[in-house]
Q: 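Quick one: the structure is below, questions incoming.
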Number of protein chains: 2
Amino acid sequence: MLHEEVVGRIRAILLDGEIPPGARIPERELCERLEISRTPLREALKVLAAEGLVQLLPHRGSRAAKLTDKDMRDLFEVCQGLEALAGELACERITDAEIDEIAAAHAAMVLHYRDGDLIQYYRGNRAIHEAIVTAAGNPVLAGLYTSVTARIRRARYVTPMTPQRWALAVKEHDAILNALQRRDGAGLSHILRAHLRHKREEVLQAGFAETEGTDLMLRIA
Amino acid sequence: MLHEEVVGRIRAILLDGEIPPGARIPERELCERLEISRTPLREALKVLAAEGLVQLLPHRGSRAAKLTDKDMRDLFEVCQGLEALAGELACERITDAEIDEIAAAHAAMVLHYRDGDLIQYYRGNRAIHEAIVTAAGNPVLAGLYTSVTARIRRARYVTPMTPQRWALAVKEHDAILNALQRRDGAGLSHILRAHLRHKREEVLQAGFAETEGTDLMLRIA
DNA sequence: TATCCCAGTTTTGCATTCAAAATTGGAGCG
DNA sequence: CGCTCCAATTTTGAATGCAAAACTGGGATA
């Protein structure tokens with residue numbers, strides 16, 4: 001198994017919440033499960049610690065990182081900045097074909113909204129945000145985005161929404177698609193910020209900071 | 001020696017250009033120099049690879065990452081976004097005392113400009129940019145900023161400037177300080193973007209992409 | 001002479017081992 | 001009964017050892 005694969009597998013375990021935030025990471029056990037020895041496992045843990053998904057305590061092992069309200073706020077703040085930038089760049093660089101794909105994803109997502117299927121809605125939602133970032137054509141940006149969103153994923157794509165908020169989110173997504181189609185970078189950037197600000201408020205209001213015992217037990221692949 | 005310290009030492013070696021971009025990283029040698037064995041060294045290299053400073057080639061060792069023109073452009077683009085965000089947040093959160101410190105740093109930097117001391121000018125310049133990011137009060141943002149700027153540091157703070165460009169940069173810094181003092185987030189954000197865009201043009205024009213043989217041999221601590 | 005091939009060497013990646021630090025559990029004491 | 005302290009055990013962090021992959025260079029061949 002390649003180094004990157006080990007990192008990926010552990011990252012998935014953490015994002016799935018299989019090892020809940022704050023829990024000790026059982027080295028020995030993971031070694032057996034991944035059929036590797038401690039050396040490559042520990043290499044992966046250090047990488048994940050640098051990413052912010054794992055917390056290393058000297059001589060006391062590693063734990064799945066636990067996000068405070070402040071962490072959550074900071075992450076959303078940065079995420080807003082990254083998506084806003086991605087939106088601007090995407091408008092300069094996106095192809096017609098890419099816009100069509102996003103429009104299709106948007107339409108599908110709206111259907112899930114009408115069906116009241118939150119899981120599928122979130123899945124489509126995430127695909128759209130990621131497509132915009134991809135369309136920005138900046139791998140550095142995409143990398144940071146991936147790492148930041150990984151940390152808030154469970155909160156962002158799991159929080160239940162009130163009908164009002166959900167309706168607003170869908171409306172915002174209409175505007176997002178519209179701005180993209182008009183290639184209105186400034187406009188898209190602005191909408192994305194507002195969209196994420198609302199999402200952040202939602203998440204924080206729902207009290208989804210990962211304090212003791214919060215385990216969402218959800219796997220949004 | 002602590003893990004973080006090992007990472008830091010190797011990072012410094014790379015940023016100093018002691019191991020020039022593209023060069024092979026001599027594992028054995030570094031082990032002796034840092035007086036550690038291969039295990040912690042390799043852990044550090046994987047972390048630095050995740051940061052983008054090191055390139056890992058399976059079964060072929062690691063090299064100091066080499067930046068192409070595209071990489072440089074992408075990094076500057078992201079850096080613009082991060083600083084713009086930092087500027088906005090800083091205006092909301094910065095204290096009067098912090099503004100005074102930045103004003104003092106600015107004044108000192110202008111003196112170095114008048115002296116024609118580019119090294120000292122760059123040092124002050126960097127301190128100001130970092131102070132703004134710090135004032136944003138967002139550790140996640142600060143972390144990403146550190147990692148992104150590390151990768152372009154040699155280009156950003158080493159490129160020689162024409163008198164015109166230098167004068168313009170100083171003028172932009174006047175405007176930066178002014179916006180900060182007025183706590184004009186939008187304005188500051190705008191100026192920072194322009195400032196960095198100009199810097200990027202300068203760097204790319206100077207052909208400072210790290211292709212073969214480019215070794216700046218400079219240490220701006 | 002240039003190219004190909006293959007044994008010898010080096011380097012890499014990982015498993016294992018070992019010392020040091022932390023945790024545990026229970027005996028002794030208040 | 002609860003607290004403290006200390007030896008036994010576990011876990012961590014790092015050095016070493018080992019198999020496999022990649023490099024090297026010298027000779028055979030075209």
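Sequence lines set the chain letters: A, B, ... in the order given, protein chains first and strands last, and positions in each chain run from 1. Only heavy atoms go into these numbers, but all of them, side chains included; no hydrogens, no water, no symmetry mates. Treat the numbers as computed from the prediction; the structure is a model and nothing was measured.
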Q: Between Glu32(A) and Arg28(A) (salt bridge meaning N to carboxylate O under 4.0 Å), is one present in this structure?
A: no
Q: Thinking salt bridges, do Glu51(B) and Arg151(B) make one under a 4.0 Å N-O criterion?
A: no
Q: What integer distance in Å separates Glu27(B):CD from dA15(D):P?
A: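 So the CD-P distance, Glu27(B) to dA15(D), works out to 13 Å.
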Q: Check DNA chain C against residues 39-48 of chain A and give the residues with a non-hydrogen atom under 4.0 Å, in numerical order.
A: Thr39(A), Pro40(A)
Q: Any salt bridge linking Arg33(A) with Glu18(A)? Criterion: basic side-chain nitrogen under 4.0 Å from a carboxylate oxygen.
A: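 The answer is yes: the pair qualifies as a salt bridge.
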Q: Between atom CZ in Arg28(B) and atom P in dC23(D), what is the gap in whole Å?
A: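 In whole Å, dC23(D) P and Arg28(B) CZ are 17 Å from each other.
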Q: Under a 4.5 Å cut-off applied to non-hydrogen side-chain atoms, are Ile128(B) and Met109(B) in contact?
A: yes
Q: Taking any atom closer than 4.0 angstrom to a non-hydrogen atom of chain B, what span of DNA chain C does the protein reach, first nucleotide to last?
A: dT11(C) to dG13(C)
Q: Does Glu98(B) come within less than 4.0 Å of Arg93(B), counting only side-chain N to carboxylate O?
A: no
Q: Any idea which heavy atoms bring Leu15(B) and Arg153(B) closest together, and the distance?
A: CD1-NH2, 3.5 Å
Q: Between dA14(D) atom P and Glu35(B) atom CD, what is the distance in whole Å?
A: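 Distance check: Glu35(B) CD to dA14(D) P gives 14 Å.
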Q: If the test is side-chain hydrogen bond (donor to acceptor under 3.5 Å, both in side chains), which one of Arg200(A), His173(A), Gln80(A) qualifies with His195(A)?
A: His173(A)
Q: Assign each of Ser37(A) and Arg60(A) to its nearest nucleotide of DNA chain C by heavy atoms, then name whichever residue's nucleotide is nearer the 5' end.
A: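 Result: Ser37(A).
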Q: Step through the shown structure and confirm whether more than 12 heavy atoms of other residues, nucleotides or ligands are within 6.0 Å of CZ on Arg60(B).
A: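 Counting neighbours around CZ of Arg60(B), 12 or fewer heavy atoms of other residues, nucleotides or ligands fall under 6.0 Å, so no.
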Q: Between Ile19(B) and Arg24(B), which heavy-atom pair has the shortest distance, and what is it?
A: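 In terms of heavy atoms, the two residues are closest at CG2-O, 4.0 Å.
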Q: With a 4.0 Å cut-off, would you call Asp117(A) and Arg123(A) a salt bridge?
A: no
Q: Can you give me the bend angle of the helix from dT1(C)-dA30(D) to dG30(C)-dC1(D)? Use the axis through the first five pairs and the one through the last five, nearest 10 degrees.
A: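 That helix gives 10° between its end axes.
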Q: How do His3(B) and His59(B) order along DNA chain D: which one's closest nucleotide is nearer the 5' end?
A: His3(B)
Q: Could you tell me the separation between the CZ atom of Arg24(A) and the C1' atom of dT11(D), rounded to a whole number of Å?
A: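 Rounded to the whole Å, the gap is 7 Å.
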Q: Any carboxylate oxygen within less than 4.0 angstrom of a Lys/Arg side-chain nitrogen, looking at Glu83(B) and Arg156(B)?
A: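 Between Arg156(B) and Glu83(B) there is a salt bridge, with a charged N closer than 4.0 Å to a carboxylate O.
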